[in-house]
There are 2 protein chains.
Amino acid sequence: MSRALDGTDWRILSELQEDGRLSFNQLGRKVNLSAPAVADRVRRLEEAGVIAGYQARIDATRAGLPLTAFIKLRCSPGRCLLTTTASDEYPEVVEIHKLSGSSCTLLRVRAASMPHLEEIFERIGRHGEIDTQIVLSTQYEGRPVAEPPAHTRSAQPSPGWSRAAPARPGEPS
Amino acid sequence: MSRALDGTDWRILSELQEDGRLSFNQLGRKVNLSAPAVADRVRRLEEAGVIAGYQARIDATRAGLPLTAFIKLRCSPGRCLLTTTASDEYPEVVEIHKLSGSSCTLLRVRAASMPHLEEIFERIGRHGEIDTQIVLSTQYEGRPVAEPPAHTRSAQPSPGWSRAAPARPGEPS
DNA sequence: CTTGAAAGAAAGGGCCG
DNA sequence: CGGCCCTTTCTTTCAAG
């Protein structure tokens, strides 16, 4: 089982979240380690699934998808989006979260235009009762996950919360 | 002024969102182009800001931050989180969105434990009225932004909303 | 945009502090 | 575990068709 991350690991994670294309040489320079040493640590982090992958960060607005909205969806039983293949049928859905409380899921969608967004709402609305919220602007997104204060590490909820998900594109927990 | 993205650009974006460390050679093979050709396109996409950067995708659960929550925050005027430096004071805040509607902002936070989460709620609650929602599980996150259906590009809401993707009906993808 | 070649850099292995 | 050396491999970049 994987040991807890030390400070160097967090520095590595921080750097790689800012620039995922850093070479082991550059990375080693930033964290005061030699290239083989950081290569070892990075490999360990990858094998442990802490680093789930590397991806280009896309500016959706500049890519022609300037609109973002959150959709709370209370599913009709059996027609929940979660159980369907949201991948191909709903390319506009960028995130799916299962929430506590009354609503089944929280979706995040990207749209090219208001008519497009409207059409998405209608399409998703067929799956249940929806509550939509349009994003006016976004200050942060994909902000680097940082090391939490030390005192917060106690009292872990329980192992087993994370369903041993495959560390694959589109799903870090 | 940047021209609209064509199908090949979208394929490149798709591949780079799945694996941001692809070499131009590998990438070229995937999109049926030579290395120099895709290097050119990628460079153009980077300069246009469509590709905003590259980053390692972290599995926050495996990194010791298994809890996610959304916080709707209605700011007290002048004490809005948006205007403060959320960077250093709130390392747990991963996203900040300004929303339409009554609530000022939507925050997304990562926490190591329930006490930690509780403490975050209390800390952020000082800035205004909050409405919290804990995420039970996440199906997708950071799902690749995909090319929208062609018909959605028409009828932009109003000029000035997006200075990218001049959309005309019947435009080839 | 493609092919081809050259220069440069990076990754992996082995050994020692 | 980390640092240093080496060798091999790959990527990048330039040139020309």
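The structure presented is a predicted model; accordingly, all values stated were derived computationally and were not measured. These numbers come from the heavy atoms of this one structure, side chains and all, not from hydrogens, waters or symmetry mates. Numbered from 1 within each chain, the chains take letters A, B, ... in sequence-line order.
Residues A:R11 and A:D6 are not paired through a salt bridge, judged by the lack of any N-O separation under 4.0 Å between the basic side chain and the carboxylate. Salt-bridge formation is not detected for the pair B:E141/B:R57: no Lys NZ or Arg NE/NH1/NH2 atom is positioned less than 4.0 Å from an Asp or Glu carboxylate oxygen. Ion pair A:E95/A:R110 not flagged as a salt bridge, since none of the NZ, NE, NH1 or NH2 atoms sits closer than 4.0 Å to an Asp/Glu carboxylate oxygen.
Of the candidate nucleotides D:dT12, C:dG13, C:dT2, C:dT2 has the atom nearest to the side chain of B:A37. In this structure, of D:dC5, D:dT13, C:dC1, it is D:dC5 that holds the atom nearest to the side chain of A:P36.
Regarding A:R41, its CZ atom lies at a distance of 9 Å from the C1' atom of D:dG2, rounded to whole Å. C:dC1 atom P lies 14 Å from atom CZ of B:F24, rounded to whole Å. Taking atom CD on B:Q26 and atom P on D:dT11, their separation rounds to 6 Å, with Å as the unit. Atom CZ in B:R29 sits about 12 Å away from atom C1' in D:dC10, given to the nearest Å. Atoms CD1 (A:I12) and P (D:dG2) sit 9 Å apart, rounded to a whole Å. The distance between atom CG of A:D40 and atom P of D:dC1, rounded to the nearest whole Å, is 9 Å. Protein atom CG of B:N25 is 20 Å distant from nucleotide atom P of C:dG8, rounded to whole Å.
For the residue pair A:H116/A:E118, the side-chain donor-acceptor check at 3.5 Å is not satisfied.
For the pair B:S23 and D:dT11, the criterion of a side-chain N or O lying under 4.0 Å from OP1 or OP2 is met.
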